[in-house]
Amino acid sequence: MSVGIDEISFYTSNYYFDLRTLAEVQNTDTEKYYQGIGQEKMGMAAPDEDVVTMAANAALPLVERVGTDAVSTLLFATETGIDQSKSAGIYVHRLLNLHENCRVVELKQACYSATAALQMACALVARQPEKKVLVIASDIARYDLDSPGEATQGCGAVAMLVTANPRLVEIEPEVGNYAEDVMDFWRPNYRTTALVDGKYSTKIYLKSLKKAWEHFREASSLAFNDFGHFCYHLPFGRMAQKAHQHLAKVNQAGLDADQVEAQIADTLHYNRTIGNSYTASMYIGLTSLLENCKHNLAGSRIGFFSYGSGCVAEFFSGKVVDGYEKHLHREAHSQMLQARTEVDYARYLELYRYPDPRDGSDNEIEAVTTGRFRLAAIRNHKREYIAV
Ligand code: HMG
């Protein structure tokens, strides 16, 4: 019996901000962002959107197919938590009308926690193969205005159904891990934006890749050339390109630059126009690969490198299943991205500064999102979510 990802769907906000506009305002060359960072657009959440509404939107097509009673556990990965105690997943549980016997919990370790959730989901299914586990990763990436991180903001959520004998990608049990207590990126409870030592974070990312890969090689018989494609954590596209060049070099893979690039190019399409979605980003990258790769991926191996600042990293492998292409949400994703609305700089600032009430005051929230779920109000310290 194999275990892995049976279905995958993602969601991002209707609004986006083009980095060309940011470059114009900053009097910077657009190519610094389009090429140097490898990003074109960033998703900007509407005032009535947050990790809960994005998560419910991402998971809806999966739950509609299998039925609300089919999900035995909901694992919610995020670093944009909305409550110190209550899991964001509990709100999603109600919005999606999941069964009262469904287990729900939230996980955190920067961008890595979706991978912890996926591995836990696989372990649960391996123990009870009739179970279906819903893994959701949802985040809004925010840095200070006029900081180097600003161009790497974004938002998105991804939902994955983990089952026995999955229809998309079998996740193999061997993993390589690396953990180290470092301050490369963090967000204390009193801040809405992350603090980051940008250049240092890219160095730690590369170091963790090498370490996790070495550990993976001890656990698995797979070598670099056994993989057709690689999915990396995507804080920005250029980071994955650099990381992959690094890994190819470490392994003396004997590939030319174009061959190395071809192994990751199709993972970058969606992230390039959404921006960093932290926990969700590598899995939106996987969706991009499955939905955009011109050749059939059945039987091919994917290497995954998941990185979460702070830091925890993991390298693992998956095998694409025969017939996977029949079970994708390619059309729906393409329509969602096509239907987005561009915002100008003034609206970008408004969205960026939209109050995130921390003083306990009551707030009605204007109806803006085009998604199926929205945050309608915060009253008596309670967040009120509704289906639209
Ligand atoms: P910066 O320092 O402003 O950028 O921000 P730069 O000056 O290094 O330029 C970037 C690249 O653009 C360079 O290329 C330039 O040469 C090039 P490189 O040398 O790197 O190959 N460039 C141009 N290219 C073409 N035309 C031009 C041009 N001008 C310059 N005209 C930095 C970069 C990464 C520091 C910033 O974006 C940042 O702080 N980002 C946030 C932190 C981050 O994303 N770190 C990634 C690793 S940590 C991680 O992945 C975890 C994370 O997702 C959080 C979590 O785990 O929860 C962040």
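Order of appearance sets the numbers: ligands from 1, and atoms from 1 within every ligand. Only a predicted model underlies this, so the values are computations on that prediction, with no experimental measurement involved.
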Please could you name the atoms of ligand 1 that [X] approaches to less than 4.0 Å, counting only its heavy atoms?
X      : result
Pro235 : 44 (O), 46 (C), 50 (O), 53 (O)
Gly198 : 35 (C), 39 (O)
Val196 : 42 (C)
Phe236 : 34 (C), 43 (C), 44 (O), 46 (C)
Gly308 : 56 (O)

Starting from [atom], which protein heavy atom do you reach first, and at what distance in Å?
atom                    : result
atom 10 (C) of ligand 1 : Ile37 CD1, 4.0 Å
atom 19 (O) of ligand 1 : Lys242 NZ, 4.0 Å
atom 29 (N) of ligand 1 : Lys32 CB, 3.6 Å
atom 12 (O) of ligand 1 : Gly36 CA, 3.1 Å
atom 38 (C) of ligand 1 : Gly149 CA, 3.7 Å
atom 55 (C) of ligand 1 : Cys111 SG, 2.6 Å
atom 57 (O) of ligand 1 : Glu79 OE2, 2.4 Å
atom 51 (C) of ligand 1 : Ser309 OG, 3.2 Å

Within the distance-only criterion (no hydrogens, no angle test), does the side chain of Gln109 pair as donor or acceptor with the backbone N or O of Glu79 below 3.5 angstrom?
-> no
Between the side chain of Thr80 and the main-chain N/O of Ile140, is any donor-acceptor distance below 3.5 Å?
->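 Checked: pair present.
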Considering [options], which one's heavy-atom position lies nearest to [atom]?
atom                    : options                       : value
atom 26 (N) of ligand 1 : His233, Arg187, Glu31         : Glu31
atom 8 (O) of ligand 1  : Glu150, Lys199, Met282        : Lys199
atom 48 (S) of ligand 1 : Ser201, Ala110, Ala23, Gly154 : Ser201
atom 37 (O) of ligand 1 : Pro148, Ala141, Gly38         : Pro148

Shared hydrophobic cluster for Phe236 and Phe230 (ILVMFWY, side-chain gaps under 4.5 Å) | yes
List the steps, then state whether side-chain contact (heavy atoms from CB on, under 4.5 Å) holds for Leu222 with Glu174.
-> CA-CA 10 Å; Leu222 295 173; Glu174 296 79 14; over 6 Å; no
Between the side chains of Glu291 and His329, does any donor sit under 3.5 Å from an acceptor?
-> no
Proximity to ligand 1 by part of Asn276, non-hydrogen separation under 4.0 Å = side chain
Exactly one candidate in Trp213, Phe224, Tyr205 meets ring-ring contact (aromatic ring centres under 6.0 Å, His included) with His244; the answer is Phe224
Shortest non-hydrogen contact between [X] and [Y], atoms and distance:
X      : Y      : value
Ala159 : Leu134 : CB-CD1, 4.3 Å
Leu107 : Ala116 : CD2-CB, 4.3 Å
Leu328 : Leu290 : CD1-O, 3.5 Å
Val125 : Val162 : CG2-O, 3.6 Å

Assess the pair His333 and Phe10: is the distance between their ring centroids shorter than 6.0 Å?
->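 Yes, they do, as the ring centres are separated by less than 6.0 Å.
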Pair Phe185 + Tyr278: ring centers closer than 6.0 Å |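 Yes: the rings meet the under 6.0 Å criterion.
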Among residues two or more places apart or on two chains, list those pairs meeting salt bridge (Lys or Arg N to Asp or Glu O under 4.0 Å) that have a residue in residues 190-202.
->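 Qualifying pairs: Asp144-Arg191.
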Hey, is atom 32 (C) of ligand 1 under 4.0 Å from any protein heavy atom?
-> no
Establish whether atom 16 (O) of ligand 1 and some protein heavy atom are separated by less than 4.0 angstrom.
->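 Given the 4.0 Å cut-off, atom 16 (O) of ligand 1 does not count as touching protein heavy atoms.
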Ignoring angles and geometry beyond distance, decide whether Asp184 reaches within less than 3.5 Å of ligand 1 through its nitrogen or oxygen atoms.
->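 Not met; the criterion fails.
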So is Ala151 in contact with ligand 1, going by heavy-atom distances below 4.0 Å?
->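 Outside the 4.0 Å threshold, so no.
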With a 4.0 Å cut-off on heavy atoms, does Tyr143 reach ligand 1?
->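 Checking ligand 1 against Tyr143, which is what was asked, there is a heavy-atom contact under 4.0 Å.
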Let me see the working for Glu384 and Arg379 under salt bridge (Lys or Arg N to Asp or Glu O under 4.0 Å), right down to the final yes or no.
-> CA-CA 7 Å; Glu384 297 178 9; Arg379 256 189 291 265; 2.7 Å; yes
